[in-house]
There are 2 protein chains.
Amino acid sequence: MTAEAAPRKHRTAGRPVQKILSKEAITVAALKLIASGGYDALTMSGLARHLGVAPSALYNHVASKHDVLLLVQDHIMANVDVSGFGALPWDEAVRRWAWSYREVFSQHTPLIPVIAVLPVTGAPRTLAMYEELTSGFLAAGWPEPLVVPAIVALESFIFGSAFDVTAPEDIFESGELAKANPKFSAAVRARQRNGGSAASPTADAAFRLGLEGLISGLEEQRRSWAAHGA
Amino acid sequence: MTAEAAPRKHRTAGRPVQKILSKEAITVAALKLIASGGYDALTMSGLARHLGVAPSALYNHVASKHDVLLLVQDHIMANVDVSGFGALPWDEAVRRWAWSYREVFSQHTPLIPVIAVLPVTGAPRTLAMYEELTSGFLAAGWPEPLVVPAIVALESFIFGSAFDVTAPEDIFESGELAKANPKFSAAVRARQRNGGSAASPTADAAFRLGLEGLISGLEEQRRSWAAHGA
DNA sequence: ACCTGAACACCGTTCAAGT
DNA sequence: ACCTGAACACCGTTCAAGT
């Protein structure tokens, strides 16, 4: 192979280094801004201010704000818990993964429209998650053609459910239209609230119900695939 | 009751009427802009231009752009097909509803973050859909406490899946990282593509698998609720 | 190679002034 | 009551100029 051009670090006195920024520094600053002020606070000028730099300087390291969102996305994907695959039964591993995945993205819902549509090329942590998942599905006896559709189905449910977590508890109050919609209004009052932790009992109950349904229903789809052949 | 202040229409010669705008006119114009140029084209000034009016005039009828999105949302909700409930078996009705719901919102994904988080008060068509759904679930023997969680679970899956429809077919190409993620790359190549119409075979296959899984899995959850009691 | 400063082409929204 | 026109406080992004 040809010699690699390794960056030479020649310390020239105490004068200030010219390189201040990097993709990593931008990602970290973005996460701080989001944590403190939400996605409204994530602006290119806010990022620049936080890094002590002019906004235009950012464009030496990222091509656009969209690029920043992708960096953030791949970074937080490492917080999704895939440890169950290979260690626990399939359904237990899916359960652990799904709850942690929803938890992570309920804090980052503005990323969902971005990642659900974006090629996974160049998102190494995201790919690593998919590799773990695939491995776990295959080891549990899933036929290869169903693995990706099953993962996508679960992921779609998780993304949709992440929005729910941030919804106010009174989202289904029908107000003065209650009398015109009596059955729905009654069902809202009667709805189940258990099945989860503290913060959002109704969202948790719906997520638990859907997830348990998906887990058993997908297993049934797998069995009927095995019976029918392709 | 007190006398209602009905709008008097006094025709004063042929001089131009002063009222040009209305919520309805704004909604229709918004739908036209979205249809021709997508949600990027939906700006307050674009709306005003299309209606032959100054941008500030819009604020006599809506409080914000967010308001416009809500008008659009409730308008298109009427396109979701709930005709199966009361006419077909529960699973068939859910199938018809779910496919049409995904179809409608795959054209309007920018609405999803808005509606998933917004109180349903003052969205009459949306409430009417929920009333139909509730009625159908109850008639099929669903226990009242599970109706809303089941609807929310299905809706979450549908919203997440609506994003998938707009994703490029090569979204899972791992590029040069393919060798580092061999099982996933192979599963992507082997994935099932049937189970839907023409335009997006892989998204359709995932949606079909997840929906069929959810339908049978939710029915199982319903049975186990009946067995356990509350 | 990397950063600064000024500028550009937009946004959504407000508000005094007109009729 | 409803619309106009000007203004405000932002956005993300570009680009010549500096070192």
Side-chain angles (χ1 to χ4, degrees), chain A residues 4-27 29-30 33-34 37-73 110-111 113-114 118, chain B residues 4-27 29-30 33-34 37-73 110-111 113-114 118:
Chain A
E4 241 179 286
R8 283 188 295 151
K9 6 176 174 170
H10 53 131
R11 325 167 181 241
T12 50
R15 92 166 130 85
V17 196
Q18 51 185 0
K19 173 153 172 152
I20 311 172
L21 294 175
S22 67
K23 278 187 203 286
E24 290 73 23
I26 291 172
T27 308
L33 280 179
I34 292 163
Y39 274 82
D40 286 346
L42 181 61
T43 65
M44 296 303 272
S45 39
L47 218 39
R49 198 180 324 120
H50 196 270
L51 289 159
V53 107
S56 52
L58 297 167
Y59 291 87
N60 287 308
H61 300 87
V62 294
S64 62
K65 182 176 179 180
H66 190 251
D67 249 35
V68 176
L69 292 177
L70 295 184
L71 290 172
V72 171
Q73 184 268 327
L111 289 179
V114 173
L118 224 101
Chain B
E4 241 179 287
R8 284 188 295 151
K9 4 177 173 170
H10 54 132
R11 328 169 177 240
T12 50
R15 90 165 129 85
V17 198
Q18 51 186 359
K19 174 152 169 152
I20 311 174
L21 294 175
S22 68
K23 277 186 204 288
E24 291 72 25
I26 292 172
T27 308
L33 280 179
I34 293 162
Y39 275 82
D40 286 346
L42 181 60
T43 64
M44 295 306 271
S45 39
L47 218 39
R49 198 181 322 119
H50 196 270
L51 289 161
V53 107
S56 52
L58 298 168
Y59 291 88
N60 288 306
H61 300 87
V62 294
S64 62
K65 181 175 180 180
H66 190 251
D67 249 34
V68 176
L69 293 177
L70 296 185
L71 290 172
V72 171
Q73 183 268 325
L111 289 179
V114 172
L118 224 101

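So you know, we letter chains A, B, ... as the sequences are listed, proteins then strands, and number each from 1.
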Output the rounded distance in Å from CG (B:N60) to P (C:dT14).
12 Å
Ignoring hydrogens, what is the shortest heavy-atom contact between B:S22 and B:A25? Give both atom names and the distance.
OG-N, 3.0 Å
For C:dA1, the Watson-Crick or wobble counterpart (both distances under 3.5 Å)
D:dT19
Find the distance A:Y39:OH to D:dC11:C1' and express it as a whole number of Å.
18 Å
Using atom CG of B:L58 as one end and atom P of C:dT14 as the other, report the distance to the nearest whole Å.
13 Å
Taking C:dT4, D:dG5, C:dT13 as options, the one with an atom nearest any side-chain atom of B:P55 is C:dT13
When only distance counts, do a donor and an acceptor, one from the side chain of B:S56 and one from the base of D:dG5, lie under 3.5 Å apart?
yes
Measure across B:A54 and B:A48 and return the closest heavy-atom pair with its distance rounded to 0.1 Å.
C-CB, 3.8 Å
To the nearest Å, give me how far apart OH (B:Y59) and P (D:dG5) are.
17 Å
Nearest-Å distance, NE2 (B:H61) to P (D:dT4)?
11 Å
Counting N and O atoms only, with roles assigned by atom type, does the side chain of B:K65 sit under 3.5 Å from a partner on the main chain of B:T43, one being a donor and the other an acceptor?
no
Does a side-chain N or O of B:S45 approach OP1 or OP2 of C:dC10 to a distance below 4.0 Å, or not?
no
Rounded distance in Å - NZ (B:K65) to P (D:dC11):
16 Å
CG/A:D40 to CG/A:L33 distance, rounded to the nearest 0.5 angstrom?
11.5 Å
Using purine N1 to pyrimidine N3 plus N6-O4 or O6-N4 for Watson-Crick, or N1-O2 and O6-N3 for G-U wobble, each under 3.5 Å, what pairs with C:dC8?
D:dG12
Give, for atom CG of B:L118 and atom CG of B:L111, the distance between the pair rounded to the nearest 0.5 Å.
11.5 Å
What nucleotide among D:dT13, C:dC11, D:dC11 has an atom nearest to a side-chain atom of A:S64?
D:dT13
Name the closest nucleotide to the A:T43 side chain, picking from D:dT13, D:dC11, D:dC3.
D:dC11
d(CG, A:L47; P, D:dT13) in whole Å:
12 Å
Between A:A57 and A:M44, the residue closer to the 5' end of DNA chain D by nearest nucleotide is A:M44
Under-4.0 Å side-chain N/O to phosphate OP1/OP2 contact, A:H66 with D:dG12
no
Rounded distance in Å - NZ (A:K19) to C1' (C:dA1):
9 Å
